[in-house]
Amino acid sequence: MASSRPEERMNPNWIRQRMIEMEIERDPPLNRSYRCYSATYLKDFYLNADQAAKLEAGDKIFMPPSALGVLSPLNLPIMLFQLRNPKAADRELVSHCGVLEFIAEEDTIYMPSWKMRSLQLEEGDAVHVKIAFLPKGRFVKFQPHSTSFLDITNPRAVLEKTLRTFTCFTTGDTIMLPYNGKEYYVDIVETKPPRGISIVDTDCEVDFVAPLDYKEPEKPVAAASPPTNKAALVASDQVEEPKFSPFTGAGRRLDGKPLPPPPVSSSSFVVAASNGDAQPSSTGSGSQGTSGRANGKLVFGTNNAAANRTTNSTNSQKEIEKKASKEQAKPEKKEEPKFQPFTGKGYSLKG
């Protein structure tokens, strides 16, 4: 399909050329299969190094002289061809190419090795060749295979130089761009018009997408504080402040005398001895109360408590009486005379 730009439709030459193309597409003079071989395969015994290098550097092929006899009467300004792998029955493997020379053997064509890999062809496989007419391209989008393509200082300038050996692009193709002794493989992601375009004598916009092996840079993660510090903060928050306990201080008398001993707690208990027999208390009433209890038990608030309260009250009363008798036996201290002002004798200045 030829270009459909409005400014070209008004050109009489374009109309005439388009009519010729439609007649050729209706009954193409070249529509047959050939055996294909790569430039690297023929380099050692048929093609010289210069011819093999030219074949690998672009998208053109070598065809037999018989093809030139078929195409010459058509007077085509540009010879473009459709290549199709007939073995790919489940999917259509199609590409497009130009012609470099007509020096191949009969019934064979020579192709760039990367073009054969793109069509999944092996050495000596059959490939169907048909004459084609492609519109002039307006836009093409590339996707490099490796991020090493980004290391090129000016990729657009490299494309302008290397793509001079190319004649057309096909959406889905993988092309090889030789530069500075290296081979860079690039996928053709999109073309406008779609499917296939011619890039001969046309201004074509170029765009790039991220390479296939490109990975987004990881965002820096803030360094986490040591867990020991967090644990210490949590532990410090959980420490309980001491509660206020009233009336826990020691008492003192105003006269400096010692305090009486605190009273004995009223609760008492009896613990079983190590040999398993209960120990009776010292009082008679306590012995009767504890004799009937099970061994190894703690007993609170028994009759011993009442006996102890009676004994403790008697002892405290005796201690108070002893202290009182000692205070009476002590000699009374004489009080020193206090100072009294204006109590001295008077004297006269006359004598």
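We use all heavy atoms of the structure for the numbers below, so side chains are in, but hydrogens, waters and symmetry mates are not.
Remark: the backbone N or O of Ser148 is paired with a side-chain donor or acceptor of Ser146 at under 3.5 angstrom. In this structure, the side chain of Ser198 does not engage the main chain of Leu134 through any donor-acceptor pair within 3.5 Å. With hydrogens and angles ignored, the 3.5 Å screen pairs no side-chain donor or acceptor of Ser118 with any backbone N or O of Trp114.
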Got a list of side-chain donor-acceptor pairs under 3.5 Å for residues 64-76, not counting sequence neighbours?
| unit_1 | atom_1 | unit_2 | atom_2 | d |
| --- | --- | --- | --- | --- |
| Ser66 | OG | Glu106 | OE1 | 2.7 |
| Ser72 | OG | Leu68 | O | 2.7 |

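Here the side chains of Val99 and Phe81 are in contact, with some heavy-atom distance below 4.5 Å. No side-chain heavy atom of Arg84 sits less than 4.5 Å from a side-chain heavy atom of Val129.
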Next on the checklist: Between Ile131 and Asn31, is the side chain to side chain contact (heavy atoms under 4.5 Å, CB included) condition met? List the steps.
Outcome noted: CA-CA 7 Å; Ile131 191 168; Asn31 185 13; over 6 Å; no
Next on the checklist: side chain to side chain contact (heavy atoms under 4.5 Å, CB included), that's the test. Do Val158 and Leu177 meet it? Break it down for me.
Outcome noted: CA-CA 9 Å; Val158 173; Leu177 303 177; 5.8 Å; no
Checklist entry - Does the pair Tyr37 and Phe62 meet the rule for a ring-ring contact (aromatic ring centres under 6.0 Å, His included), with working shown? => result CA-CA 10 Å; Tyr37 296 94; Phe62 286 176; over 10 Å; no
Item to check | Chi angles and distances behind the side chain to side chain contact (heavy atoms under 4.5 Å, CB included) call for Phe142, Ile175 | outcome: CA-CA 10 Å; Phe142 296 110; Ile175 63 175; 4.1 Å; yes
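Look at Asp125 and Lys87 and you find a salt bridge, because one of the NZ, NE, NH1 or NH2 atoms lies within 4.0 Å of a carboxylate O, short of that distance. Ionic pairing of Asp173 and Lys115 is present here: one or more N-O contacts between side-chain nitrogen and carboxylate oxygen are shorter than 4.0 angstrom.
Using modelled atom types, one finds a donor on one side chain and an acceptor on the other under 3.5 Å when comparing Thr167 with Asp59.
For Asp187, the side-chain hydrogen bond (donor to acceptor under 3.5 Å, both in side chains) criterion is met by His145, Thr174, not counting sequence neighbours. Residues meeting the side-chain hydrogen bond (donor to acceptor under 3.5 Å, both in side chains) test with Thr171, sequence neighbours left out: Thr191. Remark: Lys182 pairs with no residue by the salt bridge (charged side-chain N to carboxylate O under 4.0 Å, His left out) rule, at least two apart or across chains. When the side-chain hydrogen bond (donor to acceptor under 3.5 Å, both in side chains) test is applied to Lys60, no partner is found at least two apart in sequence or on another chain. For Arg117, the side-chain hydrogen bond (donor to acceptor under 3.5 Å, both in side chains) partners at least two apart in sequence or on another chain are Tyr185.
Using the six-membered ring where Trp is involved, Tyr184 and Tyr179 have ring planes that are tilted, between 30° and 60° apart.
When each of Leu83, Asn85, Leu93 is paired with Val127, the side chain to side chain contact (heavy atoms under 4.5 Å, CB included) condition holds for Leu83 and for no other.
The structure places OH of Tyr214 at 9.5 Å from OG1 of Thr147, a figure rounded to the nearest 0.5 Å. Taking CD1 of Ile109 as the start and CG of Asp107 as the end, the distance is 11.0 Å to the nearest 0.5 Å. Between Glu101 atom CD and Met63 atom CE the span is 13.0 Å, to the nearest 0.5 Å. Note that the OG atom of Ser95 and the CD atom of Gln82 stand 9.5 Å from one another [nearest 0.5 Å].
No close placement of the Tyr110 and Tyr41 rings is indicated, their centers lying 6.0 Å or farther apart.
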